[in-house]
Amino acid sequence: DALEGVLDLITVQGEAGSTFLRLDDEAFWLDLLSVQTVVGRVGSVATALTSFAGNLLLVLLLMVALIIGRQRVDERLEAALGEGSAGANGRGALVFAAIDKGIQRYMLLKTLLSMGVGVLFYGVLAAFGADFAPIWGVLAFVLNYIPTVGPVIATAPPVVLLLLQYSGEPGMGVAAALCAAAVPAIFGNIIEPKVFGDSLNLNFLAVLFALVLWTFLWGVAGAVLSVP
């Protein structure tokens with residue numbers, strides 16, 4: 001009842017004392033939210049979405065270019081080494097084959113693990129009745145391709161949303177937030193290091209260095225492609 005009363009009435013202090021205005025007062029909202037402010041907010045959101053779509057397209061184009069360009073690497077390697085370098089040519093081909101196999105294995109494992117993160121993340125959020133659970137699940141799947149920082153970015157908004165949603169029940173809100181945050185934390189700190197460390201022999205410092213370098217050079221697209 002107290003909360004409904006606060007939402008129903010807004011007290012504005014003026015020279016003449018306190019004046020009570022209803023939330024459905026059109027003049028109040030016109031003064032509070034100017035047209036310029038609303039247009040600016042909409043423009044910011046549109047800019048962010050456009051930037052994200054552009055980065056996603058860039059990632060796809062780069063991946064296609066890498067796949068297409070890989071088909072002629074062996075031919076160029078043979079031309080560079082010459083016919084008299086059969087041993088070196090064979091070793092070079094083995095190196096490129098190992099790199100190719102490692103990238104394919106990484107992308108396959110990362111995709112499967114990201115799908116697991118997205119599905120479980122959605123399941124936890126849906127179980128606690130979080131709003132927009134499917135969207136957060138898809139976002140967790142996509143951002144899990146970015147090492148280290150991606151899961152953090154995907155987890156923060158729904159965790160805050162759960163805390164606000166259960167503001168009347170702090171214990172339940174904290175439990176829901178911890179359960180949601182535990183999914184990417186377990187995958188990122190236990191499952192993925194075990195899988196990638198054993199199968200691909202990836203070094204954490206090398207991954208972190210690649211993430212910082214390629215994010216600096218290419219932004220979000222570089223972050224996604226940093227490990228491959």
Side-chain angles (χ1 to χ4, degrees), residues 1-10 22-24 29 32-33 37-38 41-53 55-56 59-60 106-198 204 207-208 211 215 219-221 223-224 226-227:
D1 294 337
L3 180 59
E4 291 179 358
V6 172
L7 294 176
D8 190 55
L9 298 174
I10 294 179
R22 294 188 59 84
L23 286 177
D24 57 1
W29 289 110
L32 182 64
L33 299 175
T37 301
V38 175
R41 297 298 182 186
V42 173
S44 299
V45 173
T47 301
L49 292 176
T50 303
S51 177
F52 176 78
N55 287 325
L56 182 60
V59 170
L60 295 177
Y106 170 81
M107 294 303 298
L108 175 61
L109 293 175
K110 191 66 173 178
T111 300
L112 294 176
L113 290 172
S114 297
M115 290 177 62
V117 171
V119 171
L120 290 178
F121 198 60
Y122 161 75
V124 171
L125 295 178
F128 285 100
D131 295 330
F132 314 112
I135 297 178
W136 302 126
V138 173
L139 189 64
F141 164 73
V142 175
L143 292 180
N144 195 62
Y145 282 96
I146 301 177
T148 308
V149 298
V152 176
I153 298 174
T155 304
V159 164
V160 173
L161 182 64
L162 285 171
L163 292 174
L164 294 176
Q165 186 172 331
Y166 287 98
S167 58
E169 302 177 73
M172 180 62 72
V174 172
L178 289 177
C179 290
V183 174
I186 292 174
F187 271 83
N189 295 290
I190 299 177
I191 298 178
E192 288 192 4
K194 181 66 176 175
V195 172
F196 292 139
D198 291 347
F204 174 76
V207 172
L208 186 61
L211 174 64
T215 302
V220 177
V224 174
S226 59
V227 174

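As the structure is a computational prediction, the values presented were derived from the model and not from experiment. When a residue number appears, it is its place in the shown sequence, counting from 1.
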Peer 1: Please determine whether the number of non-hydrogen atoms from other residues, nucleotides or ligands lying under 6.0 Å from atom CZ of Phe141 exceeds 12.
Peer 2: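 Yes, enclosed.
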Peer 1: Tell me the closest heavy-atom pair linking Leu211 and Val149, and the distance in Å.
Peer 2: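 In this case the closest contact between Leu211 and Val149 is CD2-CG2, 4.4 Å.
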Peer 1: Are Phe128 and Met172 side-chain neighbours, meaning at least one heavy-atom pair lies under 4.5 Å?
Peer 2: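 They are in side-chain contact.
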Peer 1: Take atom CE of Met107 as the centre, draw a 6.0 Å sphere, and report whether it contains more than 12 heavy atoms from other residues, nucleotides or ligands.
Peer 2: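 Buried by this count: over 12 neighbours within 6.0 Å.
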Peer 1: Closest heavy-atom contact between Asp131 and Trp136?
Peer 2: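 Taking every non-hydrogen atom into account, O-NE1, 3.1 Å.
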Peer 1: Would a 4.5 Å heavy-atom cut-off, applied to side chains only, mark Leu139 and Ile153 as touching?
Peer 2: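 Result no, sub-4.5 Å side-chain heavy-atom pair not found.
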Peer 1: If you compare all heavy atoms of Leu162 against all heavy atoms of Ala180, which two are closest, and at what distance to 0.1 Å?
Peer 2: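 Scanning both residues, the minimum pair turns out to be CD1-CB, 4.0 Å.
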Peer 1: So Pro158 and Phe121, do their side chains get closer than 4.5 Å, heavy atoms only?
Peer 2: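 Phe121 vs Pro158: side chains touch.
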Peer 1: Just verifying a value: how many Å separate Glu192 CD and Ser114 OG, rounded to the nearest 0.5 Å?
Peer 2: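 Glu192 CD to Ser114 OG: 6.5 Å, rounded to 0.5 Å.
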Peer 1: Any side-chain heavy-atom pair from Thr155 and Val152 closer than 4.5 angstrom?
Peer 2: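 Contact flag for Thr155/Val152 side chains = no.
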Peer 1: Of all the heavy-atom pairs spanning Pro151 and Pro184, show the shortest one and how long it is.
Peer 2: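 For Pro151 versus Pro184, the nearest heavy atoms are CB-CB, 3.9 Å.
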Peer 1: Which heavy-atom pair separates Tyr145 from Tyr106 by the least distance, and what is that distance?
Peer 2: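 What the structure gives for the nearest pair is O-OH, 4.3 Å.
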Peer 1: If you define the side chain from C-beta out and look only at heavy atoms, does anything of Leu178 sit under 4.5 Å from Val174?
Peer 2: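 Heavy-atom side-chain distance check passes, below 4.5 Å.
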Peer 1: For the residue pair Lys110 and Asn144, establish whether any side-chain heavy-atom pair is separated by less than 4.5 Å.
Peer 2: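 SC-SC contact between Lys110 and Asn144 confirmed.
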Peer 1: Which pair of non-hydrogen atoms, one from Tyr122 and one from Gly137, has the smallest distance, and what is that distance?
Peer 2: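 Closest heavy-atom pair between Tyr122 and Gly137: CB-CA, 4.2 Å.
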Peer 1: Is any side-chain heavy atom of Phe187 closer than 4.5 Å to one of Leu120?
Peer 2: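 Of all side-chain heavy-atom pairs linking Phe187 with Leu120, at least one is under 4.5 Å.
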Peer 1: When rounded to the nearest 0.5 angstrom, what is the spacing between CD in Gln165 and CG in Leu125?
Peer 2: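 Separation between the atoms: 9.5 Å.
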Peer 1: If we ignore hydrogens and angles and just use 3.5 Å, is the side chain of Asn189 paired with the main-chain N or O of Ala185 as donor and acceptor?
Peer 2: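 Here the side-chain-to-backbone pair exists.
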